[in-house]
Amino acid sequence: MHMLNSADEIRERIKRIRHNVLEAKAKYRQPSDNVEIMAVTKTVPAELVNIAIEEGITLLGENKVQEYLSKKDLYNQNSSVDIIGHLQTNKVKYVIDSVEIIQSVDSLKLAQEINKRAKTIDKVQKILIEVNIGNEESKTGIRSDELENLLKSVALLENIRVKGLMSIPPSVNSEEFLFKMNNLYIDISEKKLDNIDMSILSMGMSGDYDVAIKHGSNLVRIGSAIFGKRNYL
Ligand SMILES: *Cc1c(COP(=O)(O)O)cnc(C)c1O
């Protein structure tokens, strides 16, 4: 066995993930389906994130506002950032001018704040609605039976555009919940709600991205399988 330095390791892991994604797509999906790979950057130093960007993974996922703000100016410019962690309303103002999609919207209150802040900078902010598909107490996200009502309210906000759904399924029996999530996504898409554009289904992480692709995901959020085990301080 030979040792790789972390930059080479990251490059190797990305190659492997791309290969697995292609394989899952070939097995389960239509040739025209696109599946985007996001690099989840929590706890990862900017210089290592930049290795992933150089490898062509240009979509980054950020959990914590403070960590994001401390690293964003160090990222290779050729990248875009989505917020994927729980976002407090009082932090919206710090990220609104620099993020592509806020994936973790789970309340009307948060959507209203995003709308207000987006309006002040003349932006239409793209968002996903985060669904707590397992109805887990410990997790954020709207319950699936409340999704349609939330979508109808958010659709009225002029400076927001809903682009789809995001979910973190329970770790036990995750396939069952990925399947449920895809059905929910399809049901909502077929309702063709005014002003709601269902084009992104964001689910699948390091441990289950292939299964998520099987169940319709078109955006997989991958952290440890790219950067290795996280070191929380
Ligand atoms: C950390 C995180 C991921 C990535 O998790 P890994 O298991 O390291 O791939 C994906 N989505 C969200 C919302 C996360 O917080």
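Hydrogens, waters and symmetry mates are skipped; everything else that's a heavy atom, side chains included, is used. Both counts, for ligands and for their atoms, begin at 1 and track the order of listing. Keep in mind that this is a model prediction, so the values were computed, not measured.
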Checklist entry - By number and element, which atoms of ligand 1 are closer than 4.0 Å to a non-hydrogen atom of Asn63? => result 14 (C), 15 (O)

Checklist entry - Just which atoms of ligand 1 are under 4.0 Å from any heavy atom in Lys42? => result 1 (C), 2 (C), 3 (C), 14 (C), 15 (O)

Item to check | Distance filter under 4.0 Å to Gly223 heavy atoms, resulting ligand 1 atoms | outcome: 4 (C), 6 (P), 8 (O), 9 (O)

Checklist entry - Is the number of heavy atoms from other residues, nucleotides or ligands under 6.0 Å of Asp145 CG greater than 12? => result yes

Checklist entry - With the 4.5 Å side-chain cut-off for hydrophobic clustering, are Ile188 and Val131 part of the same group? => result yes

Checklist entry - Is it true that Leu184 and Val211 fall in one hydrophobic cluster, defined by side-chain heavy atoms closer than 4.5 Å? => result yes

Checklist entry - For ligand 1, which atoms sit closer than 4.0 Å to a heavy atom of Ile222? => result 9 (O)

Item to check | ligand 1 contacted by Arg230 (non-hydrogen, < 4.0 Å) | outcome: yes

Next on the checklist: In this structure, would Phe177 and Ile200 fall into the same cluster of hydrophobic residues linked by side-chain contacts under 4.5 Å?
Outcome noted: no

Next on the checklist: Do Leu59 and Leu87 land in one hydrophobic cluster if side-chain heavy atoms of ILVMFWY residues count as linked below 4.5 Å?
Outcome noted: no

Item to check | Sub-4.0 Å atoms of ligand 1 with respect to non-hydrogen atoms of Ser206 | outcome: 6 (P), 7 (O), 8 (O), 9 (O)

Checklist entry - Would you say the side-chain atoms of Asp82 pair up with the backbone N or O of Ile101, donor to acceptor, closer than 3.5 Å? => result yes

Checklist outcome for this item: One finds that the ligand 1 atoms under 4.0 Å from a non-hydrogen atom of Ile168 are 13 (C)

Item to check | Audit row: Lys71, Glu67, salt bridge (charged side-chain N to carboxylate O under 4.0 Å, His left out) steps and yes/no | outcome: CA-CA 6 Å; Lys71 295 196 291 191; Glu67 183 183 341; 2.8 Å; yes

Checklist entry - Which atoms of ligand 1 are found less than 4.0 Å from any heavy atom of Ser224? => result 6 (P), 7 (O), 8 (O), 9 (O)

Checklist entry - Taking heavy atoms and a distance under 4.0 Å, where does Val40 meet ligand 1: side chain, backbone, both or neither? => result side chain

Next on the checklist: For residues Leu110 and Tyr68: do they belong to one hydrophobic cluster (side chain heavy atoms under 4.5 Å, members Ile, Leu, Val, Met, Phe, Trp, Tyr)?
Outcome noted: yes

Next on the checklist: What I want to know is whether Met205 and ligand 1 share at least one N or O pair that is separated by under 3.5 angstrom.
Outcome noted: no

Checklist entry - Which ligand 1 atoms are under 4.0 Å away from a heavy-atom of Ile84? => result 11 (N), 12 (C), 13 (C), 14 (C)

